[in-house]
Structure formats: structure tokens, C-alpha cells
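These notes are about the structure you will find just below.
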Amino acid sequence: NCSFRSDIIERDYEDIPFTLNQVQGAKDSIIDTDLSFSRYEYLKDKFKMKGSFEWIAEGDHWLDAQTREKAIHLLKKSNL
């Protein structure tokens with residue numbers, strides 16, 4: 001659960017050579033989830049990055065078992 005700060009990247013990179021994944025609790029009361037998703041999409045599109053944004057429907061801001069499982073799944077899928 002985070003919000004990538006795409007708004008403060010000053011350098012215009014041609015591409016960023018790694019996978020960008022995010023797991024976000026839909027009920028996060030600390031992070032603006034709409035802003036979090038739009039920043040993720042902006043970075044992914046601008047730098048032609050691979051990855052996925054995964055929502056945890058009942059998730060909040062805190063790391064729980066479901067969030068950990070989803071993050072581990074994404075790491076394995078990314079071959080990291």
C-alpha cells in the first residue's frame with residue numbers, strides 16, 4: 001500500500017528496466033487509492049514498464065496475510 005511519487009521524477013527516462021507491481025488495499029484510509037492507481041498507471045505507461053496493480057477488496061493500509069500472498073505471487077511471476 002503506497003503511492004509512487006511519479007510527480008517528482010525530474011529526469012525524463014526513456015525506460016526503466018524493471019517490473020513495477022503494486023498491491024493496494026481498496027479500503028486504505030491512509031493512502032488516496034485513486035491517486036495511488038493513477039500514479040502507478042502514469043509510471044507504467046510513461047516508461048513502458050511491465051507489471052500489474054492488484055487490488056485487495058477488503059484490504060486496508062496494513063500488511064496482512066492476503067496482501068503478503070499477493071505480493072509473493074507477483075514477485076514469483078516477475079522472476080525475482
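For clarity, every value in this text was computed on a predicted model and none was experimentally measured.
With hydrogens and angles left out, the side-chain atoms of Thr33 and Gln24 include no donor and acceptor closer than 3.5 Å.
His61 places none of its side-chain heavy atoms less than 4.5 Å from the side chain of Ser29. Considering only heavy atoms from C-beta on, Phe4 stays 4.5 Å or farther from Tyr42 through its side chain. For the pair Leu74 and Ser52, the minimum side-chain heavy-atom distance is below 4.5 Å.
Qualifying salt bridge (charged side-chain N to carboxylate O under 4.0 Å, His left out) partners for Lys70, counting only residues two or more places apart in sequence or in other chains: Glu54. For Tyr40, the ring-ring contact (aromatic ring centres under 6.0 Å, His included) test picks out Phe53, with sequence neighbours left out. By the side chain to side chain contact (heavy atoms under 4.5 Å, CB included) test, Ser38 is found to be paired with Leu35, residues two or more places apart in sequence or in another chain being considered. Partners of Asp32 under the side chain to side chain donor-acceptor pair (under 3.5 Å) rule, at least two apart in sequence or in another chain, do not exist in this structure. Among residues two or more places apart in sequence or in another chain, the salt bridge (charged side-chain N to carboxylate O under 4.0 Å, His left out) test is passed with Lys27 by Glu58.
No continuous path of ILVMFWY side-chain contacts below 4.5 Å connects Trp55 to Ile72, so the two sit in separate hydrophobic clusters.
Rounding to the nearest 0.5 angstrom, the gap separating the CZ atom in Arg68 from the CD1 atom in Ile56 is 11.5 Å. The line from CZ of Arg39 to CD1 of Ile8 is 8.0 Å long, rounded to the nearest 0.5 Å. For the atom pair OG1 of Thr19 and NZ of Lys50, the computed distance is 7.0 Å after rounding to the nearest 0.5 Å. The CG atom of Leu75 sits 7.0 Å away from atom CG of Asn21, with the distance rounded to the nearest 0.5 Å.
In terms of modelled atom types and a separation under 3.5 Å, the side chain of Gln22 and the main chain of Cys2 share a donor-acceptor contact.
In plain terms, the two heavy atoms of Lys44 and Gly51 that are nearest each other are NZ-O, 2.9 Å. Between Ser36 and Ser3, the closest heavy-atom pair is CA-OG, 3.6 Å.
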